[in-house]
Number of protein chains: 2
Amino acid sequence: MTSTFYENKDSFLVAVDCIIMGFRDNELHILITRRQIEPLKGGLSLMGGFVNAPESIDEAAKRVVGEFTGIEDIFMEQVGAYGEINRDLADRVISVAYYALVDIEQFDTLLAKKYDARWARITMLPDLIFDHKKMVRDTINILQRKAAIKPIGFNLLGEQFTLPTLQSLYESIYQETIDKRNFRKKLLTMDILEKLDEKDKSSSKRGAFYYQFNKEKYDQLIEQGMHFSL
Amino acid sequence: MTSTFYENKDSFLVAVDCIIMGFRDNELHILITRRQIEPLKGGLSLMGGFVNAPESIDEAAKRVVGEFTGIEDIFMEQVGAYGEINRDLADRVISVAYYALVDIEQFDTLLAKKYDARWARITMLPDLIFDHKKMVRDTINILQRKAAIKPIGFNLLGEQFTLPTLQSLYESIYQETIDKRNFRKKLLTMDILEKLDEKDKSSSKRGAFYYQFNKEKYDQLIEQGMHFSL
DNA sequence: CCAAAAGTGTTACACCTACACCCATGA
DNA sequence: TCATGGGTGTAGGTGTAACACTTTTGG
């Protein structure tokens, strides 16, 4: 890239690394892969890639997540920039981390094979290369604070879900158990969920009713000054 | 920079922009300057500079704040990376924003002259170049959430301060008035402030007692599981 | 009929909010 | 003596946390 104004300035490789989160088996999971290039080829790594000149950083992150999961239209937010000099063993690379919350059911398992990707439980996360584990820790912090004040958790679930599932999602985010009655009471009095007639019988004989998130109602309530807190 | 492993990748100019905040006249202020280089020379801008190859991004941000304020040993945190393609009019520049909380009394006014820097009230912030105003807005959001759960406000004050001053600091951060009695009650029952014998008589005839933040006690209480919230 | 998960209310306590008057002092 | 900002207490309401039993149904 030629510079008209800013001459004699150093330039840097810039990458994006994506903390792609899904919810399965009552636990948060993160999509990790075996790195396909040197150095540390074969090491466990987040999904990442270099930023190309014709795209913004946000676009690069979206592209990377799309490539690796086959999912478009994803909830993503930036975690931050990681700029230690030797964070990448090969070269000076500045990386911008993003977290993405996806519905794990939409995940393309063929792509998983292709990229040697797998979902790892956050409670049993193996060591990752470079500073990727720090990126994950930072993400979990952000998620815990953010999930408490915005209903972002629903991005991890399908259209419909049961209250026990929703509760175990929040338990997994906060890494602590929640009282069933208090949880249901709070959620239901918020009046942002709609109960359906169907039941999910996959995890109990009695079955649990499906609910769905009513975004219109939520937006309306926020408009009126309601404070969401979980 | 020559690349051993990562060939044919685009590289980028990377800058840091610093939202340097101080507290004066019962209001938060941000240090802004008139830009010294083209393009938009003379435009109002945050303090910034390019990252140099031999330094981490954090180090670059510290360097920039030191250069412009003369203050070392500063509370700084990253706001995030700004990577839109055309955010800088001249070239593709990726910028990482940091906010810094400084004691305005330590600010070197000679440097202010040198760099044509001045403190602008956040409630009357003029237009800034590029996406700098968005950086400021993002910072204020972070500050409001962070100040509520960590005692970072003290970084904006000197060693000792009065309760009316502390209250007006928080009022300025949250942009809303706080009840005097409730504020004092909460602060004092937290037991992290130490009352001094001296009074500040600069803003009233009666004078207000000075207090100071007891960090040891605070750390101890956090250790015991206390939750700071303001 | 039994195991296993879904569903349901009440009470005590802590915290937050609202609110009005006296105090100390320099000019 | 008076104007100005500093300092103090209480009561009501809101939200939070703790707690145990009944219901449903497939196997």
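Reminder, nothing fancy here: chain letters follow the sequence lines and each chain counts from 1.
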Side chain A:Y98, main chain A:A60, donor-acceptor under 3.5 Å: no

Whole Å only: how far is the CG atom of A:D200 from the P atom of D:dG26? 13 Å

Between CD1 of B:I178 and C1' of C:dA18 the distance, given in whole Å, is 15 Å

To the nearest Å, how far apart are B:D179 CG and D:dT8 C1'? 11 Å

Any salt bridge linking B:E59 with B:R63? Criterion: basic side-chain nitrogen under 4.0 Å from a carboxylate oxygen. no

Got a salt bridge between B:D138 and B:K134, using NZ or NE/NH1/NH2 to carboxylate O under 4.0 Å? yes

Would you indicate what A:K185 reaches in the nucleic acid, counting non-hydrogen atoms under 4.0 angstrom: base, sugar-phosphate, or nothing? base

Would you find a donor on one side and an acceptor on the other, under 3.5 Å apart, between the side chain of B:D179 and the backbone of B:N182? yes

Decide, yes or no, whether a salt bridge links A:K146 with A:E77 under the criterion of side-chain N to carboxylate O below 4.0 Å. yes

Roughly how many Å is it from NZ in A:K199 to P in C:dA4, rounded to a whole number? 19 Å

Could you state the atom-to-atom distance from CZ of A:F209 to P of D:dT24 in whole Å? 10 Å

How is B:S203 classified with respect to the nucleic acid when contacts are heavy atoms under 4.0 Å: base, sugar-phosphate, or nothing? sugar-phosphate

Reckon B:K180 touches a base, only the sugar-phosphate, or nothing at all at heavy-atom distances under 4.0 Å? base

Look at the side chain of A:R181 against the base of C:dA6 and say whether a donor-acceptor pair falls under 3.5 Å; ignore hydrogens and angles. no

Starting from the 5' end of DNA chain D, give me the residue, A:S229 or B:T162, whose nearest nucleotide shows up first. B:T162

Assign each of B:K205 and B:A208 to its nearest nucleotide of DNA chain D by heavy atoms, then name whichever residue's nucleotide is nearer the 5' end. B:K205

Over how many whole Å does the gap from A:L187 atom CG to C:dA6 atom C1' extend? 15 Å

In terms of side-chain heavy atoms of B:R184, which of D:dT8, C:dT8, D:dT4 is nearest? D:dT8

Nucleotide C:dA6, atom C1' - distance to CZ of A:R206 in whole Å: 4 Å

Nearest-angstrom distance from the residue atom CG of B:N182 to C1' of D:dT10: 11 Å

